[in-house]
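Structure first, commentary second.
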Amino acid sequence: MLRNRPLPTLVVAAVGLALFVPATSANAGPVPGTGAALKAAASPGSVSTVPDWRMQTSKTATQAGDVISAPTYSDSGWLTVPARSTVMAGLIANNKYGDVNYSDNLKKANRADFQVPWWYRKTFQADPQPGVNTFLKLNGGIISRGEIWLNGKKVAGTDTVIGAYPTFEFNVTSLLKKGDNALAIKASPSDPAKDLVIHFIDWSQLPPDRNQGIFRDVDLAASGPVSLRGLHVTTDLPLPNLNSATVTVKVDARNNTGGAVTTTVAGSAAGQNYSQNVSLAANETKTVTFTLNVSNPQVWWPFQMGAQPLYDATATATVASAKSDEQKTTFGIREVTSKMVSGNIQYQINGKPILIRGGGWASDLFLRTNVQKIADEMLLTKSMGLNTIRLEGKPENDEIYDMADRMGILIMTGWECCSKWQSTGSYSAEDKKVAGASAEGEAKRIRNHPSVFTFLIGSDEAPVAAVEKIYLDALKRADWQTPIVTAAARRSSPQLGDSGMKMDGPYWWEPPVYWYNNQKGGSAGFASEIGPGPAIPEMDELKKFLSSSEINKLTDYNASQYHLSPSGTFSKLGFWGTALDNRYGKPSDVNDFVKKAQLQQYETNRAQFEAFGRDFSDTGANQAQGVIYWMQNDPWPKLYWHLYNYNLATAGSYFGAKTANKALHAQYSYDDKSLAVVNMGLQAQDGLSLQVTVFNSDGSQKANETRPVPAKANGSVRVGNVPQPSGLSTAYFVRLVLKDSSGKEIDRNVYWLSTKADTLNYNGGDWYYTPQSAYTDLKSLSSLKAGQVSVSSTTTPGTDGRQATHVTIKNTGTSVAFFLRASLRKGTGGAEVLPVDWTDNYITLFPGETQTIRAEYRASDLGGAQPVVEVSGHNVSKR
């Protein structure tokens, strides 16, 4: 991300908050109680992970690495920080700046504090054993460069440890001592314009340290004379048949000694055992391969297409009957292919075309790993019906891939734009080396995951020929099996050719009708990143990260908002607000602004995904192949580019997308008033009927008809048009109810429309938007007659500490109860429970209608209070 603009810079206060970190003495001896104890792995096949660090700026810790890494050096006064901790993350963990999410508190961090190196240090115990080798493993790079010291000896310097993603392994057996040991790592300052590291571009305000430091685990791994590395599995299906599979297990056996050695490598995969004797010359590495034939395999699918069975694979090396090392992994049997359809890329899973419907993923701004939060986000992703997340740069730690494998969510990975990564034409010899090591390291780390289905070696631009070759050679060394794409934009490169993807925007507001046109970001081909920009949370959430004055300023569309982008292009609400005023009427106050924002966000987000779903079964260049919503989540609290917010609150953006992405769904088309049934499952659905009802804004029924409809497997079907009765009010409603053969409702979808259309000016605009030339008229929705509803709820226990609250809402009045939102509270008048997985929300009920929605959540998140449901609507008072 993002297009044709200079890199944004972070404006910092002239006088930042001074960092006071006490000075240290080089002679005082170890200080107890300043971190978790660590003992180096001593038995072959075992691994110890550094549990935390002591951290200090080099402005204060001025000694050299040989002194700081001495076991007797005192780090008294240093800060204890998590195992995966950039410098900024460590300072935040120690409350150096207060709540950096609130208002402009992030400005308290002075950029100058991060223009010098910072030290990380860990003392540990070791008991070296004869014949056992200990390896120091960096599972990712040190940002931007690292200097590694152990017990006063330099292990590697900044000429070796470079970049965010290369992995490193050092044999430190000779440096270990019985008893006290000390490891020290010096992290150099980071500049994404100069280093192949991590950059948040215009995704939010930038981390002041530019993610300097350690963001992945550091391990001490033990093995005997032979080490095993890189256990992985490739699978091949004889498509279109799925009744057998060839499973190939590979692992590298490395001789750690200066003499020849024979080892037995044995293990199992997919219920089959294997074993092989391997002769290794001094310091030699060989790849050991086992080929298995699996009958009637359990095949892995994305969640809307099938199940997600996983297999285990193991490998153990023995020398003279003694275990020397072992590795374990999981894998899925599936096959990913791609082809060009009229110039657009189409992915197939196990031989079946798949419409990619996903979101652009944002890591935490400070690269912190919160496994519970990631799990909650993955649950929301699946509940929303997204089958894919895109990682543009910032590949996450291992946990997210494991979750994706088990949940059936696809992951597309690759490099970022708008930083050194994009400037491949000016790469130095060192840059090229780091780029290749980054690709190889990342590919080896994630290649076993069935959820990972493609690798983009460029984002906005394809790499130049020389760097393309470096990437492809690196991925070949990593035994990469899934499609490799040259860029997320419509670019080509000598070996890979055309990307088959488009990146034509938009990144800011567009009305629903925009998505149905095949121009620009409309529903044709593969749109790698598009979205309508602002995503205003509900008021409860705004109060968590904005001051009262900042909240009130939201109605000034020409004012810069700190919680929008540092890029001038996206720092103001601008024409999103103009559209809100023209379409729904100028908000009377900020509460009205927030209420109307949900309507505007819901309708266009729904339309974006529905348009691509409808056109999945088109032909040729007009066929929709994929859409990545820009973006899915927040790295830091903000007001744009998300489907759910930083605190995992779900608002209009989320539920518009959730409605659109149901696996079996009836929908309306804003361009031609047609209807469609979309089925993402692999089985056709028979005996369906679609009830189509048109209501005036006062709730009176203007048309009502039921028609039989088909739902073909893995595709969409047009099923006629919405009736057009005379006498429609300027704003009116259309309700679609899809029913099975027994009359049971399986999908419900309500639209608020107007007799006056949104229109677009395709001759105007810029790379990030197409302007409107006229606006729909939905202003009368603000003067609907007050709605009346009754609400009841029941709560039932679930599994794994979760419970569910069922909320039944009935329209007891004579008018439409429009856009009803239920929220779950910690007791009467309490804070909102988060996260909550709602089956539906922001619902509209016509007179006499009843709907039950369900909220699932952790019981512990109630904080001991009773769950209380609060309901309000566009024309229904809070109750």
Side-chain angles (χ1 to χ4, degrees), residues 40-48 126-139 148 150-151 153-156 160-161 166-178 181 219-234 247-269 272-292 312-329 433 436-437 440-441 443-445 447-448 473-474 476-479:
S43 59
S46 61
V47 176
S48 299
D127 187 13
Q129 299 295 311
V132 176
N133 296 276
T134 300
F135 298 91
L136 176 65
K137 297 178 67 177
L138 307 183
N139 293 297
I148 317 297
L150 180 62
N151 292 336
K153 302 295 184 181
K154 190 175 183 179
V155 176
T160 299
V161 181
T167 58
F168 300 92
E169 182 172 331
F170 307 102
N171 191 331
V172 295
T173 307
S174 64
L175 301 181
L176 286 183
K177 301 176 181 178
K178 184 177 179 63
N181 293 256
D219 297 330
L220 292 165
S223 59
V226 173
S227 293
L228 296 180
R229 295 291 184 265
L231 175 65
H232 68 286
V233 181
T234 64
V247 173
T248 305
V249 183
K250 300 181 182 181
V251 66
D252 292 336
R254 182 184 67 208
N255 183 358
N256 298 316
T257 74
V261 67
T262 297
T263 183
T264 300
V265 178
S268 65
Q272 299 185 36
N273 297 324
Y274 40 75
S275 181
Q276 189 177 142
N277 293 326
V278 182
S279 297
L280 298 169
N283 302 307
E284 183 184 14
T285 299
K286 284 184 179 179
T287 299
V288 186
T289 302
F290 305 95
T291 302
L292 312 174
D312 295 320
T314 65
T316 300
T318 56
V319 177
S321 300
K323 184 170 74 173
S324 182
D325 206 357
E326 65 180 1
Q327 286 205 318
K328 300 178 181 179
T329 191
K433 180 180 178 181
E440 184 173 355
K444 286 182 175 179
R445 186 173 70 91
R447 62 189 169 186
N448 245 25
D473 289 348
K476 184 177 180 179
R477 291 193 300 273
D479 206 13

Legend entry - K433 atom NZ, neighbour heavy-atom count above 12 within 6.0 Å: no
Legend entry - Reported CD-to-OG1 distance for the pair Q129 and T173, which is rounded to 0.5 angstrom: 12.0 Å
Legend entry - Pairwise side-chain contact, V261 with V319, heavy-atom cut-off 4.5 Å (strictly under): yes
Legend entry - Minimum heavy-atom distance S46-A42, with the two atoms named: OG-N, 3.8 Å
Legend entry - Taking every non-hydrogen atom, the tightest pair across L231 and N448: O-ND2, 3.9 Å
Legend entry - Least distance between heavy atoms, E440 atom then A474 atom: N-CB, 3.9 Å
Inset, instruction - To the nearest 0.5 Å, tell me how far R447 CZ sits from K250 NZ. - result: 9.0 Å
Inset, instruction - Would you indicate whether the side-chain heavy atoms of T289 and V249 approach each other to under 4.5 Å? - result: no
Inset, instruction - Kindly give the heavy-atom pair with the smallest separation between A41 and A222, and that separation in Å. - result: O-CB, 3.6 Å
Legend entry - Distance in Å, N273 CG paired with T314 OG1, rounded so as to fall on 0.5 Å steps: 8.0 Å
Inset, instruction - Indicate whether the side chain of D325 and that of Q327 have a donor and an acceptor atom separated by less than 3.5 Å. - result: no
Inset, instruction - Quick one: closest heavy-atom pair of L220 and A40, and the distance? - result: CD1-CB, 3.9 Å
Legend entry - Positive for side chain to side chain contact (heavy atoms under 4.5 Å, CB included) with T264, one of S321, S324, S275: S275
Inset, instruction - Would you give the length of the straight line joining atom CD of Q276 to atom CZ of F290, rounded to the nearest 0.5 angstrom? - result: 5.0 Å
Legend entry - Side chains of T160 and F168 in contact at under 4.5 Å (non-hydrogen atoms): yes
Inset, instruction - Determine whether F170 and L175 make a side-chain contact, defined as any pair of heavy atoms from C-beta on separated by less than 4.5 Å. - result: no
Legend entry - NE2 on H232 to OG1 on T329, rounded to 0.5 Å: 10.0 Å
Inset, instruction - Would you indicate whether the side-chain heavy atoms of V233 and V247 approach each other to under 4.5 Å? - result: yes
Inset, instruction - Please tell me if the side chains of L150 and L136 come closer than 4.5 Å, counting only heavy atoms from C-beta onward. - result: no
Inset, instruction - Compute whether any side-chain donor of one residue and acceptor of the other, for T167 and N139, lie under 3.5 angstrom apart. - result: no
Inset, instruction - Start with the C-alpha distance between K323 and T316, add both sets of side-chain angles, then the distance that settles side-chain contact (heavy atoms from CB on, under 4.5 Å), and finish with yes or no. - result: CA-CA 7 Å; K323 184 170 74 173; T316 300; 3.9 Å; yes
Legend entry - Distance, nearest 0.5 Å, that separates CG of L292 from OH of Y274: 7.0 Å
Legend entry - Student check: side-chain heavy atoms of L280 and T262 closer than 4.5 Å: no
Legend entry - Heavy-atom closest pair, residues A126 and P128: C-CD, 3.7 Å
Legend entry - Chi angles and distances behind the salt bridge (Lys or Arg N to Asp or Glu O under 4.0 Å) call for R254, E169: CA-CA 13 Å; R254 182 184 67 208; E169 182 172 331; 2.8 Å; yes
Inset, instruction - Could you tell me whether a side-chain N or O of S223 sits under 3.5 Å from a main-chain N or O of P44, the two making a donor and an acceptor? - result: no
Inset, instruction - Step by step, work out the side-chain contact (heavy atoms from CB on, under 4.5 Å) result for V265 and L228. - result: CA-CA 9 Å; V265 178; L228 296 180; 4.3 Å; yes
Legend entry - The single option from D252, N255, N171, N256 passing side-chain hydrogen bond (donor to acceptor under 3.5 Å, both in side chains) against S227: N256
